[in-house]
Amino acid sequence: MSATLIMNASEGRIQFVLEQEGTLACAQEWSAPSKGTELLTPALADAFQRLGIMPSGISRIACVAGPGSFTGLRLVLTTAAAFRRATNAAVAPLNALQALAASAPFGLLFPRGTRIRVITHARRGLVHGQDFLSAPGSALPVPVGEPSMWEIPAACGGERPDILLGSGVARNLPQLQELFGANAPLFLPELVYPTAQALLDLTLALPADAWVHKDLDPLYLRPCDA
């Protein structure tokens with residue numbers, strides 16, 4: 001039985017999900033901002049053994065390719081590249097910001113056009129950001145434009161979001177509250193990491209042409225990371 005491996009380490013926490021027959025077979029999260037290399041491969045090997053999955057049984061690998069931590073992105077993309085070469089698995093990139101937007105609670109209840117703005121920490125005074133619109137009846141919000149890098153005031157500009165979430169909110173909440181004032185959106189500073197279900201849903205919704213047989217490139221928005 002073939003399986004899909006999904007990995008994310010874009011914000012210092014290692015997450016992986018194993019999918020079989022369209023359902024979540026296993027999900028693990030590890031807080032390991034400085035020891036990811038030593039942790040990820042043994043954790044995967046243990047999960048494979050417990051589920052009775054051979055590495056050769058991994059037919060697809062989805063990775064959060066960015067935007068996010070240079071070290072975390074390199075970790076999962078390098079791991080995916082090694083698996084791909086060993087097993088000929090197809091690989092596909094995931095957008096970290098869309099995975100977070102898809103993790104918003106009660107997403108299925110949002111009215112059509114609810115604007116979710118995801119901002120994640122990039123460095124002092126800067127965030128990665130992108131807007132998404134909720135789609136009734138679907139767990140996956142629709143992207144608006146492309147991921148960008150903003151200064152904090154710019155993250156409050158443009159069309160007002162209904163919901164604002166991500167590590168950029170958690171790190172800059174007082175400033176965001178002051179910038180938005182009385183017209184503030186619903187802030188969700190606790191939502192910093194995507195849920196396992198969101199990662200799974202995003203992967204299962206990928207079109208067939210998203211899966212390739214070549215190493216994935218990281219999505220870096222800061223020139224110094226490229």
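Keep in mind the model is a prediction, meaning the values are calculated, not measured. Residues: numbered from 1 along the sequence shown. Just so you know, these numbers use all the heavy atoms, side chains as well, and skip hydrogens, waters and symmetry mates.
Applying the salt bridge (Lys or Arg N to Asp or Glu O under 4.0 Å) test to pairs two or more places apart or on separate chains, those with a residue in residues 49-59 are Asp46-Arg50. Applying the salt bridge (Lys or Arg N to Asp or Glu O under 4.0 Å) test to pairs two or more places apart or on separate chains, those with a residue in residues 75-91 are Arg84-Asp215, Arg85-Asp215. Pairs of residues two or more places apart, or lying in two chains, that qualify as salt bridge (Lys or Arg N to Asp or Glu O under 4.0 Å) and include a residue from residues 17-32 are Arg13-Glu29.
A continuous path of Ile, Leu, Val, Met, Phe, Trp and Tyr side chains, each step under 4.5 Å between heavy atoms, connects Met7 with Val212, placing both in one hydrophobic cluster. The hydrophobic cluster containing Ile116 does not contain Val169, counting ILVMFWY residues as joined when their side-chain heavy atoms lie under 4.5 angstrom apart, directly or transitively.
Inter-residue side-chain proximity for Tyr220 and Leu73 is flagged as met; some heavy-atom pair is nearer than 4.5 Å. Side-chain contact between Phe16 and Leu5 is present, with heavy atoms from C-beta onward closer than 4.5 Å. The side-chain heavy atoms of Leu44 and Leu18, taken from C-beta on, include no pair separated by under 4.5 Å. Looking at heavy atoms from C-beta onward, Met54 lies out of side-chain contact with Phe48 at the 4.5 angstrom threshold.
A donor-acceptor pair under 3.5 Å links the side-chain atoms of Thr23 to the main chain of Gln20, judged by distance alone. For the pair Ser69 (side chain) and Gly72 (backbone), a donor-acceptor distance under 3.5 Å is present. The closest donor-acceptor contact from the side chain of Asp162 to the backbone of Arg115 lies under 3.5 Å. In this structure, the side chain of Ser134 engages the main chain of Thr114 through a donor-acceptor pair within 3.5 Å.
Note that CG of Leu40 and CH2 of Trp30 are 10.5 Å apart. Values are rounded to the nearest 0.5 Å. Here Leu216 contributes atom CG and Leu94 contributes atom CG; the two are 9.0 Å apart, rounded to the nearest 0.5 Å. With rounding to the nearest 0.5 angstrom, the OG1 atom of Thr120 is 5.0 Å from the CD atom of Glu11. For the atom pair CD1 (Ile53) and SG (Cys26), the distance works out to 8.0 Å, reported to the nearest 0.5 Å. Remark: Leu24 CG to Thr203 OG1 distance equals 10.5 Å, nearest 0.5 Å. To the nearest 0.5 Å, the span separating CG on Asp201 from CD on Gln98 amounts to 11.0 Å.
The heavy-atom pair separating Cys63 from Val76 by the smallest distance is SG-O, 3.7 Å. Here the shortest heavy-atom pairing between Leu206 and Pro93 reads CD2-O, 4.2 Å. Here the shortest heavy-atom pairing between Gly22 and Leu204 reads O-CD1, 3.7 Å. In terms of heavy atoms, Phe83 sits closest to Pro55 at CE2-CB, 4.2 Å. Minimum heavy-atom separation, Asn95 to Leu202: O-CD2, 4.1 Å. Closest approach of Gly157 and Arg117 over heavy atoms only: O-NH1, 3.0 Å.
Residue Arg171 qualifies as open at atom CZ: its count of foreign heavy atoms under 6.0 Å is 12 or below.
Residue Val144 is found in a hydrophobic cluster whose other members, listed by chain and number, are Leu133; membership requires side-chain heavy atoms under 4.5 Å apart, directly or through intermediates.
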Candidate pair Gln15 and Val17, rule side-chain contact (heavy atoms from CB on, under 4.5 Å), full reasoning: CA-CA 7 Å; Gln15 298 175 288; Val17 176; 5.9 Å; no
Please test Phe132 against Val118 for side-chain contact (heavy atoms from CB on, under 4.5 Å), starting from the C-alpha separation and ending with a verdict. CA-CA 8 Å; Phe132 300 86; Val118 180; 4.0 Å; yes
Derivation of the side-chain contact (heavy atoms from CB on, under 4.5 Å) call for Leu165 and Ile163: CA-CA 7 Å; Leu165 60 89; Ile163 299 168; 4.1 Å; yes
Report all side-chain donor-acceptor pairs from residues 175-195 shorter than 3.5 Å, counting only partners two or more places apart or in another chain.
residue: Asn183; atom: OD1; partner: Arg160; partner atom: NE; Å: 3.3
residue: Thr195; atom: OG1; partner: Ala198; partner atom: N; Å: 3.0

In a table with atom names and distances, give each donor-acceptor pair under 3.5 Å that connects a side chain of residues 145-156 to protein atoms at least two apart or in another chain.
residue: Ser148; atom: OG; partner: Glu146; partner atom: O; Å: 3.3

